[in-house]
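To start, the structure under review is shown below, and the notes come after it.
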Amino acid sequence: MKPTMSPAGPPLLLPLLLLGALILSGAASSSSPSSSSSVSPLSCWFVEEGSGGGSVMPSALSQRPALLLLGPPGRGAGGKLGPGQAEALLPPQVQPGMAFHVVDPSGTLWSKGGVLGGGGGGGDVPRPIWLQPSPSHQAEEEDDEEEEGGGSAEGVSCEVNPYSPQEAHVSWAAGLGGEEGCPRSLDGKWFIASLRSPTAGYGVSAIMHASGLPSPSSPRKHQEEASVVTTATVVLSVFTRTPLLSSRLGQDVLLDCGFSGPSGVPFSVEWRHQHGGAGRVVLAYDGAAPGGGRVSVAEEGARLFLDPSTGNASLQLRAVGPHHEGIYICTLFLPHLHAQQAARLRVLEPPRVSLRPSPLVVVAPNSPAELSCEVSGHFPQGASVTWGLRGGSLGGPLQSWESGHHQSPEGTFRFTSFARLPPLRPQDHGASVECRVSHPALGEGGLHQSVTIHIAGSSGPSVEDAVGCFLIAFALYGLLQAFFQKVFPEKQATEKTKSEKLE
Ligand SMILES: *[C@@H]1O[C@H](CO)[C@@H](O)[C@H](O)[C@H]1NC(C)=O
């Protein structure tokens with residue numbers, strides 16, 4: 001799925017990437033609001049399992065450049081592309097059939113805020129979600145995030161796959177389909193489009209039914225047009241506004257999941273947790289349970305915010321602990337259709353730092369000193385300590401070492417870093433040693449604590465002290481001189497040397 005650049009990669013890859021770039025630039029130029037077109041384009045990848053010519057080997061994925069063309073909300077006015085309009089939007093790299101004119105009656109793809117906000121659209125011109133300004137950058141940058149598909153200049157990844165309607169086999173969705181097998185309404189071609197922008201804070205999967213496919217009865221001219229652009233109507237979409245989420249320990253967290261589908265159709269919901277290769281169902285709602293829909297599985301602390309009228313299927317987790325970390329997958333089941341969205345939850349608890357001794361380290365001249373910096377209460381484990389020196393004549397790195405990392409019963413971590421100062425000289429008095437801690441929960445700056453070095457015995461003369469001493473000595477000298485001159489005028493010479501000594 002992901003075009004990785006490995007030296008051994010297939011030679012097809014570079015042309016594909018170039019193609020992608022071309023499409024991106026094409027899409028970007030035509031997606032400007034000033035464009036005369038009534039549809040918003042988004043470059044995409046069409047990914048399917050290669051039809052490996054009957055090979056027994058698991059067939060490789062094939063991916064081709066594709067284009068989504070989102071018509072304005074509703075089935076009405078702008079729902080249809082005029083003849084020639086689609087061709088004009090189509091970059092040459094996109095093969096016939098790889099452009100999808102998406103009709104979204106629910107409007108989910110138009111404004112992630114509008115649908116959810118319950119008619120909060122106001123006078124705003126609706127925009128497709130991939131042109132929504134990102135609300136805030138609370139979503140963390142994920143360097144290990146697997147971006148799927150091509151995506152656009154705005155960091156949206158987009159992928160379209162073929163989809164086949166089928167019965168779900170989980171018990172909480174088994175009752176949805178009825179007995180009569182696949183109804184005729186499921187005939188035709190189905191696709192699923194997945195759009196994701198972790199930075200903008202959303203992910204959507206939309207199951208689409210290709211409605212504009214040529215039928216034998218349609219006139220030939222019509223048929224040709226339809227094969228260039230596939231018109232597809234969104235039947236079910238599932239979205240999240242929290243694709244990446246982090247929480248401190250003990251907090252409650254809401255994993256957002258919303259959906260829109262045909263009204264009046266029974267649905268089921270499943271929330272699955274996956275972490276470190278293990279998975280389990282955290283919560284399940286069976287919409288076809290005898291006697292009405294009910295939650296059939298619920299782990300302790302998990303609660304479903306279910307509202308069929310607004311399409312809410314969000315999950316609340318109470319008192320988040322380290323074991324809650326992982327990927328949460330919200331799956332929405334309709335009869336014969338299901339789509340899902342994933343939200344990744346990270347537990348981030350910043351460490352406490354305690355530097356000892358504090359606030360002063362008192363050292364005898366020319367002897368070394370040891371300090372300890374305890375880092376505790378953090379999650380995950382990845383905290384590190386660096387030591388630094390400020391002022392004095394000290395330079396170079398400090399010798400340091402670490403204790404083992406211990407995990408508390410609550411799951412938080414603790415360790416201690418030790419540093420040894422080299423033998424210190426009086427001029428190091430007043431310098432400071434710093435313990436700097438970095439951890440994912442602390443952000444860029446990290447956390448630091450410092451301690452000031454006092455050299456024993458040299459509670460050293462500061463500038464003010466020196467000036468003060470000089471003034472006192474000077475005054476004393478003057479006084480004594482006056483005194484001796486009065487009392488022992490004959491001994492003036494000897495006493496003068498005495499007072500000089502005092503100075
Ligand atoms: C679902 O309901 C919760 C609680 O009222 C709310 O915070 C959340 O935004 C809703 N989500 C959706 C997708 O409607």
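When reading the values below, keep in mind they use all heavy atoms of this one structure, side chains included, and skip hydrogens, waters and symmetry mates. Start at 1 and go down the list; that is how both ligands and their atoms are numbered.
Within the 3.5 Å criterion, the main-chain N or O of Ala313 finds a donor-acceptor partner in the side chain of Trp271.
If you number the atoms of ligand 1 from 1 as listed, the ones under 4.0 Å from a heavy atom of Arg241 come out as 8 (C), 9 (O), 11 (N), 12 (C), 13 (C). Close approach of ligand 1 to Asn312 is summarised as follows: ligand atoms under 4.0 Å from at least one heavy atom of the residue are 1 (C), 2 (O), 3 (C), 8 (C), 10 (C), 11 (N), 12 (C), 13 (C), 14 (O). Every atom of ligand 1 with a heavy atom of Ser314 under 4.0 Å away is listed here by number and element: 1 (C), 11 (N).
Both the sub-6.0 Å distance and the 45° axial angle are not jointly satisfied by Arg241 relative to the ring of Phe239.
By the salt bridge (charged side-chain N to carboxylate O under 4.0 Å, His left out) test, Glu299 is found to be paired with Arg280, residues two or more places apart in sequence or in another chain being considered. With sequence neighbours excluded, no residue forms a side chain to side chain donor-acceptor pair (under 3.5 Å) with Glu374.
In this structure, Gln316 does not count as a contact residue of ligand 1, since none of its heavy atoms falls inside 4.0 Å of the ligand. Taking a 4.0 Å cut-off on heavy atoms, Thr310 fails to register as neighbouring ligand 1. Put simply, no part of Ala313 is less than 4.0 Å from ligand 1, judged by heavy atoms.
Within the 4.0 Å heavy-atom criterion, the part of Leu254 lying near ligand 1 is the side chain and not the backbone.
Note: His338 and Phe333 have tilted aromatic rings, judged against thresholds of 30 and 60 degrees for the angle between ring planes. Using bins of under 30°, 30° to 60° and over 60° for the plane-to-plane angle, the ring pair Tyr328/His273 lands in the parallel bin.
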